[in-house]
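Step one of this worksheet: look at the structure below.
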Amino acid sequence: MNVIRRRGWEIPDRLATPEHLFFNRRALLAGGASALAMAPGMAAAQRVSDLAKMPDPTADLYPAKRNETYKLDRPITDEKINANYNNFYEFGSSKDVVDAAQALRIRPWTVKIDGLVEKPIEIGIDELIRKMTLEERTYRMRCVEAWSMAIAWTGFPVAKLVDFARPLGSAKYLRMETFMDPKMAPGQRQRWYPWPYIEGLSMAEATNDLAFLATGAYGHPMLKQHGAPLRLAVPWKYGFKSIKSIVRFTFTEERPKGMWESLQAAEYGFWANVNPAVAHPRWSQATEEVIGTGERRPTLLFNGYGEYVADIYKGMEGSERLWA
Ligand SMILES: Nc1nc2c(c(=O)[nH]1)N[C@H]1C(S)=C(S)[C@@H](COP(=O)(O)O)O[C@H]1N2
Ligand SMILES: [Mo]
């Protein structure tokens, strides 16, 4: 009897349980104030249109040469679909954040590297990017909400940033932090989220060749909604680990606690490797909707990247490797 027609990439609600479901109830309790806070002002709109005219200072580095090591088992998701279906809670809790995300100011952009390093530094994004050799990689991306995409990222391995940072032997984890600017990002005015967005990797994960810092996608500098100007891509882990718009890398001895982990430790564990055999506490992870195709496919262990990353987790089987 269901006669509602959907485009392939619009997942029926029953299949796509959003990361934030639990918190929506609290949003409702908070009343209309949050809805008002989300309305963009005229000044912001003006600023956005001015910025849109600014050329990207690294545009000449694109497209970068593709590294053919990482092959896809499906076509690359059309950019128009990918660019209009995003999780970026700083700009709203729906998938439709593309307009709101245009308020993100991506220059000047300073990246801080600190914690257990020989010498803490701050570096401008353009200088950092030019110190690295950009390459293109095609990766799958699997969101814990049970949808997936395939993307051509441009960027450099996290391992190169680690080399550049010169961490001390005592560093066990890499903690990453997104910008914090509630004036620019209306989602950050919603105080029930413990902003800023934080994520972390163990040093073994961070230095695995698959761990990638993306500065662009689809052959050009990154669109704002994808987490410009610097965003993590760890394709064997659930999407929420791939933190966007990073401003700080901190090497730590203590395991960092991600924003989602702080909110719901039982659902968004530190390790959170893609595993079809272990259900999220509220839904199965056995299959995924391939955005843009209407197709459902079986989800693969480590999202199909086991040959590169399984060794990292030897001996951790059955532990908190999946859902904390
Ligand atoms: N700072 C920040 N990073 C984030 C998110 C976010 O809300 N804020 N969402 C995460 C989630 S849940 C997913 S699935 C991916 C989505 O990336 P995409 O919009 O480029 O597909 O970004 C991740 N990184
Ligand atoms: Mo996600």
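Note that ligands are numbered from 1 as they come in the structure, with each ligand's atoms numbered from 1 the same way. The chain is numbered in sequence order, starting from 1.
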Just list the side-chain donor-acceptor pairs under 3.5 Å for residues 114-131, sequence neighbours left out, or say none.
{"unit_1": "Asp114", "atom_1": "OD1", "unit_2": "Arg248", "atom_2": "NE", "d": "3.4"}
{"unit_1": "Asp114", "atom_1": "OD1", "unit_2": "Thr250", "atom_2": "OG1", "d": "2.7"}
{"unit_1": "Asp114", "atom_1": "OD2", "unit_2": "Arg248", "atom_2": "NE", "d": "3.1"}
{"unit_1": "Asp114", "atom_1": "OD2", "unit_2": "Arg248", "atom_2": "NH2", "d": "2.8"}
{"unit_1": "Glu118", "atom_1": "OE1", "unit_2": "Arg166", "atom_2": "NH1", "d": "2.7"}
{"unit_1": "Asp126", "atom_1": "OD1", "unit_2": "Arg107", "atom_2": "NE", "d": "3.0"}
{"unit_1": "Asp126", "atom_1": "OD1", "unit_2": "Arg107", "atom_2": "NH2", "d": "2.8"}
{"unit_1": "Asp126", "atom_1": "OD2", "unit_2": "Arg107", "atom_2": "NE", "d": "3.0"}
{"unit_1": "Arg130", "atom_1": "NH1", "unit_2": "Asp60", "atom_2": "OD2", "d": "3.3"}
{"unit_1": "Arg130", "atom_1": "NH2", "unit_2": "Pro57", "atom_2": "O", "d": "2.8"}
{"unit_1": "Arg130", "atom_1": "NH2", "unit_2": "Asp60", "atom_2": "OD1", "d": "2.7"}

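Between Ser242 and ligand 1, at least one N/O pair is under 3.5 Å apart. In terms of polar-atom proximity, defined here as any N/O pair under 3.5 Å, Trp147 makes no such contact with ligand 1. The N/O atoms of Thr178, backbone and side chain alike, include one that comes under 3.5 Å of an N/O atom in ligand 1.
Each of the atoms 14 (S) of ligand 1 lies under 4.0 Å from some heavy atom of Cys143. In summary, the atoms of ligand 1 found under 4.0 Å from a heavy atom of His226, numbered by their order in the structure, are 20 (O). Remark: ligand 1 atoms within the under-4.0 Å shell around heavy atoms of Phe240 are 10 (C), 11 (C), 12 (S). Each of the atoms 18 (P), 19 (O), 20 (O) of ligand 1 lies under 4.0 Å from some heavy atom of Asn86. Below 4.0 Å from some heavy atom of Ile243 lie the following atoms of ligand 1, by number and element: 3 (N), 24 (N).
Aromatic ring pairs are classed by plane angle as parallel below 30°, tilted from 30° to 60° and perpendicular above 60°; the pair Phe240 and Tyr268 is perpendicular. Taking the six-membered ring for Trp and thresholds of 30 and 60 degrees, Phe88 and Phe91 have ring planes more than 60 degrees apart, a perpendicular arrangement.
When non-hydrogen atoms are compared, ligand 1 lies under 4.0 Å from the side chain of Glu90 (C-beta onward) but not from its backbone. Counting heavy atoms under 4.0 Å from ligand 1, residue Lys241 does not touch it at all.
Checking Tyr268, Tyr197, Phe88, Tyr89 against atom 10 (C) of ligand 1, the nearest heavy atom belongs to Tyr197. The heavy atom nearest to atom 18 (P) of ligand 1, out of those in Lys244, Gln225, Met141, is found in Lys244.
In this structure, the ring of Tyr308 has its center no less than 6.0 angstrom from the ring center of Phe302.
Every pair passing side-chain hydrogen bond (donor to acceptor under 3.5 Å, both in side chains) that includes a residue from residues 148-163 is listed here, sequence neighbours excluded: Arg74-Ser148, Ser148-Glu288.
Using a 4.5 Å heavy-atom cutoff, the side chains of Glu199 and Tyr197 are in contact.
Minimum interatomic distance between Val309 and Leu210 (heavy atoms only, all atoms of both residues): CG1-CD1, 3.7 Å.
At least one test fails for Lys80 against the ring of Tyr218: distance under 6.0 Å to the centre or angle within 45° of the axis.
Note: Thr299 OG1 to Asn275 CG = 10.0 Å, rounded to the nearest 0.5 Å.
The closest approach between a heavy atom of Met259 and any atom of ligand 1 is not below 4.0 Å.
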